[in-house]
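Heads up: the structure comes next, in structure tokens.
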Protein chains: 2
Amino acid sequence: MIKVAVIQTNPIFGRIEKNLNNIKKLFLNSADLVVLPELCTTGYQFKNMDEIEKYSEDFTNSFSVDFLTFLAQENNTIIVAGIAEKSNGKYYNSAVVISPNGLLKTYRKINLFYRENIYFSSGKNEPLVVDLGAYKIGVMICFDWIFPEVARSLAKNGADIITHPANLVLPFCQDAMLTRSIENRVFTATANRIGNEARDGIDDLKFTGKSQITSHKGERLTSASLDSEEVIIANIDPRKARDKNINKFNKLL
Amino acid sequence: MIKVAVIQTNPIFGRIEKNLNNIKKLFLNSADLVVLPELCTTGYQFKNMDEIEKYSEDFTNSFSVDFLTFLAQENNTIIVAGIAEKSNGKYYNSAVVISPNGLLKTYRKINLFYRENIYFSSGKNEPLVVDLGAYKIGVMICFDWIFPEVARSLAKNGADIITHPANLVLPFCQDAMLTRSIENRVFTATANRIGNEARDGIDDLKFTGKSQITSHKGERLTSASLDSEEVIIANIDPRKARDKNINKFNKLL
């Protein structure tokens with residue numbers, strides 16, 4: 001069994017150090033795997049390329065990656081977190097997989113939503129699966145949920161648990177993730193943010209919380225509130241995601 | 001706008017004429033499109049190949065197809081109905097699309113569930129889309145729902161409405177069809193059956209009703225009961241399924 005924790009936060013735009021300290025405050029020290037929201041260090045609504053340049057980080061020399069690595073060491077855990085990345089003059093809406101030994105892998109969001117397309121480049125690699133030894137995690141970010149091909153690819157490549165940093169503004173994803181679990185027989189851990197992000201010259205966005213962890217059978221194991229920072233946890237057996245037989249005649253994949 | 005009706009029935013095994021007369025009794029005479037359950041003329045639980053041979057029909061000379069054609073003429077409507085088919089020594093769990101002029105097209109279920117694999121051959125063609133002039137319907141049958149590739153194929157091939165004859169015994173599909181609607185921006189019409197089917201030597205099956213029609217936005221427009229024969233209807237504008245743009249940056253397909 002592994003203990004999965006999802007931390008639902010309310011980042012303040014541009015306050016990377018404050019947001020990371022807030023994550024540290026909420027951090028669950030007994031979890032094997034901790035999932036944080038999309039863009040959890042910077043906030044979501046960038047106004048221009050100057051802000052993207054200012055707040056995104058090169059992961060070869062990143063305050064946020066170092067901070068989360070320290071957290072991973074201190075708590076002996078794996079962390080999946082959404083961070084704005086800069087690399088070779090391009091910017092990505094990325095998620096890092098961090099172990100106590102540092103950055104393991106990075107997933108660059110493929111399906112950028114709406115205004116993200118103005119600032120970020122789309123990831124060109126296929127959805128990321130990381131083998132952690134006892135289990136494998138898949139990584140997808142927020143709007144990737146609406147394309148069944150993304151979760152399918154993760155399951156086909158062996159993911160037992162789909163980790164899913166998100167900044168959701170619509171109410172559909174949480175239920176759809178039950179379908180993603182059923183159709184692929186995978187656990188999912190969606191870390192959403194809460195709060196209202198108001199920035200001059202851009203429409204306010206209200207994020208919908210309700211972070212959740214689903215079972216390989218499409219059950220909602222635990223669910224967070226609509227509007228509070230909180231930690232939800234579930235103890236799961238990732239091996240249960242590996243038998244894709246529904247019965248002796250039918251296989252899911 | 002078109003009026004879609006879904007008829008939820010409780011077929012009696014092997015009583016083809018009685019089941020068709022029951023459908024006639026329930027028939028809604030003002031609908032443009034009427035969707036009936038899977039295997040709605042025969043019932044579901046075949047015990048052996050003799051029964052399959054006895055109750056399945058060659059659609060070039062079929063009592064059920066003729067009966068439904070007459071119903072389609074009488075009511076000036078399109079009917080989608082699940083019927084056991086025999087063709088060239090093989091048997092299929094099929095769905096017919098019938099107009100007042102007769103049989104238009106047949107879909108042979110691709111993803112056979114559990115014991116269906118003993119008696120039926122799997123359909124080898126891709127999921128069926130039929131152009132009805134003012135709108136296009138897709139056809140899939142029951143367990144096809146769990147494979148996102150099926151609904152995806154129907155949407156890619158232009159289906160505005162996925163018609164979905166079913167004999168569901170598990171409670172997951174109805175919610176998953178909301179996801180199928182959202183991820184493909186298509187209407188769906190699931191015609192499930194009700195009742196308990198007890199046959200000697202085979203486990204009893206209880207069917208879960210709750211037939212439904214969903215919108216292109218993933219709303220449940222109407223839903224039937226768990227355990228009554230009934231007709232549900234929705235007036236829809238199939239053209240709303242055609243714009244696959246979510247916003248100026250994002251497209252679903």
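Residue numbers start from 1 in every chain, and the chains themselves are labelled A, B, ... in the order their sequence lines are given, proteins ahead of strands. As the structure is a computational prediction, the values presented were derived from the model and not from experiment.
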message: Under 4.5 Å from any heavy atom of chain A, what part of B/Ile246 do you find: side chain, backbone, both or neither?
response: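 Looking at B/Ile246, just its side chain touches chain A.
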
Between chain A and chain B, going by a 3.5 Å limit, which atoms form donor-acceptor pairs, if any?
from	atom 1	to	atom 2	distance (Å)
A/Leu112	O	B/Asn250	ND2	2.7
A/Tyr114	N	B/Asn250	OD1	2.6
A/Glu149	OE1	B/Arg152	NH2	2.9
A/Glu149	OE2	B/Arg152	NE	2.7
A/Glu149	OE2	B/Arg152	NH2	3.3
A/Arg152	NE	B/Glu149	OE2	2.7
A/Arg152	NH2	B/Glu149	OE1	2.9
A/Arg152	NH2	B/Glu149	OE2	3.3
A/Thr179	OG1	B/Thr179	OG1	3.0
A/Arg180	NH1	B/Glu183	OE1	3.0
A/Arg180	NH2	B/Glu183	OE1	2.6
A/Glu183	OE1	B/Arg180	NH1	3.0
A/Glu183	OE1	B/Arg180	NH2	2.6
A/Asn250	OD1	B/Tyr114	N	2.6
A/Asn250	ND2	B/Leu112	O	2.7

- request: Would you mind checking which part of A/Phe143 comes under 4.5 Å of any heavy atom in chain B, side chain (CB onward), backbone (N, CA, C, O), both or neither?
  value: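 When you check distances to chain B, only side chain atoms of A/Phe143 fall under 4.5 Å.
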
- prompt: Stepwise, does the side-chain contact (heavy atoms from CB on, under 4.5 Å) test hold for A/Phe172 with B/Leu178?
  reply: CA-CA 9 Å; A/Phe172 305 111; B/Leu178 302 176; over 6 Å; no

field: Contacts of A/Ala159 that satisfy side-chain contact (heavy atoms from CB on, under 4.5 Å) - sequence neighbours left out
entry: A/Val129, A/Leu154

